[in-house]
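In what follows, a single structure is set out as structure tokens and then discussed.
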Amino acid sequence: MDIIPEQQPYIQEINADWYEGKVTEVSMLRLDAVHHQVSGNKWYKLKYNVEYCRSHGIGTILTFGGAYSNHLAATAAMANISGLKSIGVIKGTYAEKELTPTLRFCRDNGMELVFVTHEDYARKYDEDWLRYLSARFNYPMIIPEGGANEYGRKGAREIAELIPERFTHVAVSVGTGTTLTGIVDNVGGDVRVLGFAPMKGGKYLQNEISKYVPAMNFTIYDDWHFGGFGKHTAELVVFMNQFYLENNIPLDMVYTAKMMYGLQTRILAGGYEKASKILCLHTGGLQGNVSIKDKLIY
Ligand SMILES: *Cc1c(COP(=O)(O)O)cnc(C)c1O
């Protein structure tokens, strides 16, 4: 069985009122359209992991995440669709009543939730601990936090094939940098890739990602974290509602809203040449908006 997208990603032009005279085009690649549960970049990052499981007769995926993780939710849904078992190693312990909507979604998709202390979770790259988990859960495919492995990068490379040649810049939100890495690796050499980190101190990703692709082909910005990863301000919420009114595009609070806010700020400050054509990636993640649902008009 192939894992078929529900809808092909498409490009939507952003309402030009605010960028007219500054740059030539700002558009958005709607990767969020690809699947209502495995949305955006997660679809691409997980695809070859699932394929690996199938071709190697592995029936279970084990991965890691926090209680609000888009990656966990996407993995649970993707495994469910693909007929695989899934195990989520969760940072922190949650009683039944305290399960976040994300964790509940994971469990509803058949994911076995394994709660570990923050100390244990910090060992997520520790070979001894991974060997222990592997044996305990009967040798599953272990996918690192955020889907950050070679199969994730391979899937992300395919996103670059959806980018038409006219674009001079690509803007993408950055968590582990797996998506950005795949894109930089496969997009034309003159395209500048702009990575917006949604957490404090995200600039370190410039070095991390440079292990895989040339540093001169991309730039990481970390000025628009709005208080830190998963945090938001009233100003960001106003921006999200405004963006929805103007474009009919829902942004997610954790990643894409911060990217668009940062990009808009840079464009308005004259950060790009007039001839620039910028493609922003909508990497999905809308499940993360439940926590601010009452503040959003969508
Ligand atoms: C997971 C996620 C990202 C980060 O992707 P990486 O490949 O880890 O950099 C960006 N945007 C959204 C909406 C996400 O859910």
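All residue numbers in this chain count up from 1 along the given sequence. Every number for a ligand or one of its atoms is a count from 1 in the order of the listing. These numbers were taken from a predicted model, which means no experiment stands behind them.
Proximity to G177 (heavy-atom distance under 4.0 Å) selects the following atoms of ligand 1: 6 (P), 8 (O), 9 (O). If you number the atoms of ligand 1 from 1 as listed, the ones under 4.0 Å from a heavy atom of S173 come out as 10 (C). Atoms of ligand 1 found under 4.0 Å from any heavy atom of V174 (numbered from 1 in listed order, with element): 9 (O). Ligand-side atoms of ligand 1 in range of G175: 4 (C), 5 (O), 6 (P), 8 (O), 9 (O), range being under 4.0 angstrom from any heavy atom. The atoms of ligand 1 that sit less than 4.0 Å from any heavy atom of T178 are 6 (P), 7 (O), 9 (O). The K42 neighbourhood of ligand 1 comprises atoms 1 (C), 2 (C), 3 (C), 14 (C), 15 (O), with distances under 4.0 Å to a heavy atom of that residue. Short contacts between ligand 1 and K45, defined as distances under 4.0 Å to a heavy atom of the residue, involve ligand atoms 5 (O), 6 (P), 7 (O), 8 (O). Ligand-side atoms of ligand 1 in range of N70: 14 (C), 15 (O), range being under 4.0 angstrom from any heavy atom.
Cation-pi check for K295 over Y244 is not met; the charged atom does not lie both under 6.0 angstrom from the ring centroid and within 45 degrees of its normal. Cation-pi geometry between R153 and Y212 is met: the NZ or CZ atom falls under 6.0 Å from the ring centre, inside 45° of the normal.
Within the 4.0 Å heavy-atom shell around ligand 1 one finds G284.
A salt bridge is defined here as a Lys NZ or Arg NE, NH1 or NH2 lying under 4.0 Å from an Asp or Glu carboxylate O, and E96 with R107 meets this definition. Taking 4.0 Å as the cut-off between side-chain N and carboxylate O, K47 and E158 count as a salt-bridged pair. Taking 4.0 Å as the cut-off between side-chain N and carboxylate O, E25 and R166 count as a salt-bridged pair.
Residue D252 has no N or O atom closer than 3.5 Å to an N or O atom of ligand 1.
Taking atom 10 (C) of ligand 1 as the reference point, the nearest protein heavy-atom neighbour is Y255 CD2, 3.4 Å. Ranking protein heavy atoms by distance to atom 11 (N) of ligand 1, first place goes to T283 OG1, 2.7 Å.
In this structure, F64 has its ring center at least 6.0 angstrom away from the ring center of Y125. Aromatic ring centres of F196 and Y261: separated by at least 6.0 Å.
Summarising the contacts of atom 3 (C) of ligand 1 with D32, T176, N41, the nearest heavy atom is found in N41.
Inspection of the E6 and H36 side chains reveals an N or O donor paired with an N or O acceptor under 3.5 Å.
Sorted by first and then second residue, the salt bridge (Lys or Arg N to Asp or Glu O under 4.0 Å) pairs involving residues 217-234 (not counting sequence neighbours) are K203-D222.
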